[in-house]
Number of protein chains: 2
Amino acid sequence: MKPETQQFMKFIETKGLLFTTERKSVAEEVFSTHDHLDAEEVLKKLKSTGSKASRATVYRTLDLLVESGLVEKIDLGEGRSAYEHTAGHPHHDHLVCTVCGEVREFEEPLIEQLQEWACEKAGFRAIGHSLNIYGWCAKCKLSVKA
Amino acid sequence: MKPETQQFMKFIETKGLLFTTERKSVAEEVFSTHDHLDAEEVLKKLKSTGSKASRATVYRTLDLLVESGLVEKIDLGEGRSAYEHTAGHPHHDHLVCTVCGEVREFEEPLIEQLQEWACEKAGFRAIGHSLNIYGWCAKCKLSVKA
DNA sequence: TTATTATTGAGATACATTCTCAATGGAGCG
DNA sequence: CGCTCCATTGAGAATGTATCTCAATAATAA
Ligand SMILES: [Mn+2]
Ligand SMILES: [Mn+2]
Ligand SMILES: [Zn+2]
Ligand SMILES: [Zn+2]
């Protein structure tokens with residue numbers, strides 16, 4: 001069992017909940033990659049590997065994973081949202097290709113700092129934020145030109 | 001007729017489309033305020049003022065307004081999106097209060113600049129972006145404490 | 001006028017997500 | 001162990017936003 005799964009188990013038990021096989025399988029699926037997975041993909045992968053977990057349980061467990069702080073839910077625009085685990089994966093924002101759908105990450109610490117200042121100026125207490133840049137990735141830029 | 005409505009009429013006609021009363025009434029509703037309106041609000045307002053325009057026409061006309069460049073569609077997270085007109089309203093990003101729903105604007109030119117650099121570094125051609133900061137507005141911060 | 005084309009509205013459809021509720025099955029107790 | 005009790009689950013219904021379909025209507029062109 002991966003250390004992240006261990007941590008999730010601890011979180012679940014500390015909350016007085018049960019660490020069921022369904023919850024475990026959803027967690028392991030999410031922790032198995034650093035890709036940006038949406039709920040439906042998690043469900044499909046689980047089905048293909050024989051784990052049985054319903055759509056409702058997948059959504060419910062993803063919420064728990066987010067609550068545990070081990071997973072972040074990101075909004076990719078147009079109603080799309082995805083999950084990625086945060087272990088060994090510092091905060092970043094996303095470049096979203098509107099042609100091929102690729103999601104690339106970027107870090108810009110100064111942007112984070114400037115956001116904090118903007119909040120201070122407005123007397124706003126930030127809980128989280130979402131920054132997406134939409135456009136053409138390097139690959140699609142070429143193929144559109146060609 | 002407001003100058004923005006005039007411009008929209010011009011846009012519509014240049015495209016070879018008809019400037020119908022429905023399209024006019026949707027445009028005037030959007031241009032009547034600088035608030036962040038969602039499609040359903042536009043529809044409701046139109047109904048209350050006696051203008052008849054169906055949901056489908058509201059959505060279709062909002063798309064045209066965005067295409068004209070006179071209106072921007074913004075993504076407020078959780079599937080919410082809103083429209084605001086851009087005339088005399090330079091680009092800005094949003095502080096979204098997760099308690100009362102208030103949407104406050106802020107400008108941070110340096111953030112915009114840093115985004116451009118991030119795109120350059122990644123060979124990414126940006127078309128647009130969305131930056132929302134979620135949290136408690138100044139007012140809700142107080143009432144939560146109290 | 002008549003033919004052609006654009007626009008509209010009502011409702012159907014799509015889609016992601018949440019909800020409902022009966023069935024399941026651990027956990028704790030005597 | 002057997003028996004409650006209650007958390008959990010799954011199937012499908014419901015939700016909310018947005019888009020699509022298509023027949024009726026209105027504008028334009030011939
Ligand atoms: Mn990421
Ligand atoms: Mn705004
Ligand atoms: Zn691409
Ligand atoms: Zn507030």
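Every chain is numbered from 1, with letters handed out A, B, ... down the list of sequences.
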Side-chain donor-acceptor contacts of residues 65-77 of chain A below 3.5 Å, not counting sequence neighbours, with atom names and distances?
| from | atom 1 | to | atom 2 | distance (Å) |
| --- | --- | --- | --- | --- |
| A:Glu67 | OE2 | A:Lys15 | NZ | 2.7 |
| A:Ser68 | OG | A:Leu65 | O | 2.6 |
| A:Ser68 | OG | A:Leu70 | N | 3.2 |
| A:Asp75 | OD1 | A:Gly77 | N | 2.8 |

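Look at CD on A:Glu13: it is 14 Å from C1' on D:dA7, rounded to the nearest Å. Atom CG in B:Leu62 sits roughly 13 Å away from atom P in C:dT8 (whole-Å rounding). Summarising the geometry, the separation between NZ on B:Lys15 and C1' on C:dA6 is reported as 13 Å, rounded to the nearest angstrom. We find that NZ of A:Lys52 is positioned 11 Å from C1' of D:dT8, with the value rounded to whole Å. What separates CG of B:Leu76 from P of D:dT17 is a distance of 13 Å, to the nearest Å. Here the P atom of nucleotide D:dT9 and the CG atom of A:Leu18 are 8 Å apart, to the nearest Å. In this structure, NZ of A:Lys47 is placed 16 Å from P of D:dT9, rounded to the nearest angstrom. Taking atom CD on A:Glu41 and atom C1' on C:dT17, their separation rounds to 16 Å, with Å as the unit.
In this structure, B:His94 and B:His92 have perpendicular ring planes: the angle between them is above 60°, well past the 30° mark.
Alongside B:Leu131, the hydrophobic cluster contains A:Leu95, A:Phe106, A:Leu110, A:Ile111, A:Leu114, A:Trp117, A:Phe124, A:Leu131, A:Ile133, B:Leu95, B:Phe106, B:Leu110, B:Ile111, B:Leu114, B:Trp117, B:Phe124, B:Ile133 (criterion: ILVMFWY side chains under 4.5 Å). Residue B:Tyr59 belongs to no hydrophobic cluster, having no ILVMFWY side-chain heavy atom closer than 4.5 Å to its own.
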In the 5'-to-3' direction, what one-character label does each nucleotide of nucleotides 18-25 of chain D receive under the scheme B = base within less than 4.0 Å of a protein heavy atom, S = sugar-phosphate only, - = no such atom?
BBBB----
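With sequence neighbours left out, the salt bridge (charged side-chain N to carboxylate O under 4.0 Å, His left out) criterion links B:Glu108 to A:Lys121.
Regarding contacts with the backbone of D:dG10, a side-chain N or O of A:Thr57 is found under 4.0 angstrom from either OP1 or OP2.
Minimum atom distance to the side chain of A:Leu17 is reached by D:dA7, of the listed C:dT7, D:dA11, D:dA7.
Of the residues in residues 19-36 of chain B, those placing a heavy atom less than 4.0 Å from an atom of DNA chain C are B:Thr20, B:Glu22, B:Arg23, in numerical order.
Side-chain contact between B:Lys52 and B:Glu22 is present, with heavy atoms from C-beta onward closer than 4.5 Å. Taking the side chain as every heavy atom from C-beta outward, A:Val58 and A:Glu29 never approach each other to under 4.5 Å. Residues A:Leu64 and A:Leu17 have side chains in contact (heavy-atom distance under 4.5 Å, counting atoms from C-beta outward).
Residues A:Glu105 and A:His34 have side chains that never bring a donor and an acceptor to within less than 3.5 angstrom of each other.
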